Undergrad: 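I have a structure I would like to understand better, so I am pasting it below and will then ask my questions one at a time.
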2 protein chains.
Amino acid sequence: MEEIKTFENICNLLRNHSYKVTPQRQTILQTFLEHVDRHLSAEEVYMLVKHQNPEIGLATVYRSLDILAEIGVLLKNDFGDGRSRYEFSRKDEHHHHHHLICLRCGDVSEFDDDWLESLETVITKRNHFKIVDHDLKFYGYCHKCEETL
Amino acid sequence: MEEIKTFENICNLLRNHSYKVTPQRQTILQTFLEHVDRHLSAEEVYMLVKHQNPEIGLATVYRSLDILAEIGVLLKNDFGDGRSRYEFSRKDEHHHHHHLICLRCGDVSEFDDDWLESLETVITKRNHFKIVDHDLKFYGYCHKCEETL
DNA sequence: TCCATATTTGCTATTATATGTCAAATGCTG
DNA sequence: CAGCATTTGACATATAATAGCAAATATGGA
């Protein structure tokens, strides 16, 4: 039974994992709550939080993102652009969604689906491989870029 | 109409793209032909080729792998371990295969399937996204590691 | 066969993302 | 509110990959 991810609940989640709720972590968290739809890199988060707190260090951002991913608040993604990108993990998905990555503007949209599960059963039997996670990405051109090509 | 990828045919392919057939490129190519089943990183290729030609430089390996990928001889993969891994691209696949990555020993096995194509049609219509490529990875434990866990 | 030249090589320096170190600062429990 | 383990920020370091450049070389044409 997971709680809805409000600011307060996530702070408690931090405390429950014996992590301290520092102003830096709060700022970073708030930044993500203001950009639930984005897939931010550490560097991008760093830029955003510096507006609210110019004293914050890059290493702190990296460490905070690590922790938030560890306790299940964020998901760490690799879209092949050489840096990790984090997104808010919504509680209402039993299996995570997949991504549509635009090769032109870099925009990432999302795509939900469940049929991979049935496939996993087949693979497990056929290849003697115990699957614990999967990652599906589609590369192409988003509506906007396709129009102006 | 693509030729079968023998050593000689790939050398000609290089020449057709106005790339020179240097001893370094030959050594690297030979190394891949001797390890068709592996998914080698640039660093691993570097180590292997140094046995045959200790004079070879790391930058040359990177450049050669780039070229071989560009002309379709190799496929560049990202398995999330922080380095690119290259594999021989076999001509007999219209769509590329997918990978089963062992989280314990790092072994990569392969898995062929076609059903993603029909899904692409659905996504294209539903999300207004023109798909040109996809990438599916399964993470888990291979037969060997699962036994000794 | 040899020449001319554009390509390629190897070395080194550099970029970029991310992590490690450590003294100083600080959230939290009692 | 006091003590202390955790956390922070600055800097150094690690690692993958690329850039720059002089010297070496593969190749098409004489």
Side-chain angles (χ1 to χ4, degrees), chain A residues 7-8 10-31 39-71 74 76-86 106, chain B residues 7-8 10-31 39-71 74 76-86 106:
Chain A
F7 182 81
E8 260 317 314
I10 296 170
C11 288
N12 287 329
L13 201 59
L14 277 169
R15 279 184 271 258
N16 291 346
H17 286 77
S18 35
Y19 287 122
K20 295 180 177 172
V21 178
T22 66
Q24 292 89 340
R25 287 174 185 169
Q26 291 182 30
T27 307
I28 291 167
L29 196 46
Q30 204 181 326
T31 299
H39 298 79
L40 300 166
S41 68
E43 204 71 42
E44 287 171 347
V45 173
Y46 180 56
M47 292 308 174
L48 288 168
V49 297
K50 267 191 111 62
H51 289 146
Q52 291 197 247
N53 178 1
E55 300 302 310
I56 207 163
L58 179 59
T60 301
V61 173
Y62 273 102
R63 284 182 293 230
S64 300
L65 296 179
D66 256 1
I67 289 173
L68 291 170
E70 185 208 320
I71 65 177
L74 298 180
K76 190 175 186 174
N77 288 298
D78 176 7
F79 296 139
D81 61 347
R83 71 213 67 188
S84 292
R85 295 188 167 275
Y86 297 80
Chain B
F7 183 81
E8 260 317 314
I10 295 171
C11 290
N12 287 329
L13 200 58
L14 278 169
R15 278 185 271 259
N16 292 346
H17 286 76
S18 34
Y19 287 121
K20 294 182 178 173
V21 179
T22 65
Q24 290 90 338
R25 288 174 183 169
Q26 290 182 29
T27 307
I28 291 168
L29 195 48
Q30 202 182 329
T31 298
H39 299 79
L40 300 167
S41 68
E43 205 69 44
E44 287 171 347
V45 173
Y46 180 56
M47 293 306 175
L48 287 168
V49 297
K50 269 190 108 63
H51 288 145
Q52 290 197 250
N53 178 2
E55 301 302 310
I56 207 162
L58 179 58
T60 300
V61 172
Y62 273 102
R63 286 183 292 230
S64 300
L65 295 179
D66 256 2
I67 289 172
L68 290 171
E70 185 208 321
I71 66 176
L74 298 180
K76 191 175 185 173
N77 289 297
D78 176 6
F79 296 138
D81 61 347
R83 72 214 65 189
S84 292
R85 295 189 166 274
Y86 297 81

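All values derive from a computational prediction rather than experimental measurement. Naming convention: chains lettered A, B, ... in sequence-line order (proteins, then strands); numbering from 1 in each chain.
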Undergrad: For a 4.5 angstrom cut-off between non-hydrogen side-chain atoms, does Glu44(B) reach Arg83(B)?
TA: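 No. Closest side-chain heavy atoms not under 4.5 Å.
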Undergrad: Calculate the interatomic distance between Asn16(B) atom CG and dT27(D) atom C1'; express it in whole Å.
TA: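 Those two atoms, CG and C1', are 14 Å apart.
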Undergrad: How does protein contact run along nucleotides 12-30 of chain C, one letter per nucleotide 5' to 3', with B for base contact, S for sugar-phosphate only, - for none, heavy atoms under 4.0 Å?
TA: -----SBB-B-----BS--
Undergrad: Tell me: CG of Leu14(A) to P of dT6(D), nearest whole Å?
TA: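 Taking CG of Leu14(A) and P of dT6(D), I get 15 Å after rounding.
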Undergrad: Starting at CD of Glu44(B) and ending at C1' of dT15(D), how long is that distance when rounded to a whole Å?
TA: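 Rounded to the whole Å, the gap is 15 Å.
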Undergrad: Look at the side-chain N and O atoms of Arg25(A) and state whether any lies under 4.0 Å from the OP1 or OP2 oxygen of dT8(D).
TA: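 For dT8(D), OP1 or OP2 has a side-chain N or O of Arg25(A) closer than 4.0 Å.
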Undergrad: Rounded to the nearest 0.5 Å, what separation is found between the CD atom of Gln26(A) and the CD atom of Gln24(A)?
TA: 9.0 Å
Undergrad: Are the side chain of Arg25(B) and the backbone N or O of Ser64(B) linked by a donor-acceptor pair below 3.5 Å?
TA: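 Here the side-chain-to-backbone pair does not exist.
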Undergrad: Figure out the CG/P separation between Leu40(B) and dA17(D), and round it to whole Å.
TA: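 So the two atoms are 13 Å apart, to the nearest Å.
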Undergrad: Evaluate the side-chain proximity of Glu43(A) to Val61(A): yes if any heavy-atom separation is below 4.5 Å, no if none is.
TA: no
Undergrad: Whole angstrom is fine here: how far is it from CG in Leu65(B) over to P in dT9(C)?
TA: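 Going from CG in Leu65(B) over to P in dT9(C) covers 12 Å.
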Undergrad: Give the minimum heavy-atom separation between Gln30(A) and Phe7(A), together with the two atoms involved.
TA: N-CE1, 4.4 Å
Undergrad: Might you point out which heavy atoms bring Val49(A) and Tyr46(A) nearest each other, and give the distance in Å?
TA: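 Taking every non-hydrogen atom into account, CG2-O, 3.3 Å.
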Undergrad: Could you tell me the separation between the CD1 atom of Ile56(A) and the P atom of dT7(D), rounded to a whole number of Å?
TA: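 Distance check: Ile56(A) CD1 to dT7(D) P gives 14 Å.
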Undergrad: Round to a whole Å and report the spacing from CD of Glu55(B) to P of dG10(C).
TA: 8 Å
Undergrad: To the nearest Å, how far apart are Asn53(A) CG and dT7(D) P?
TA: 17 Å
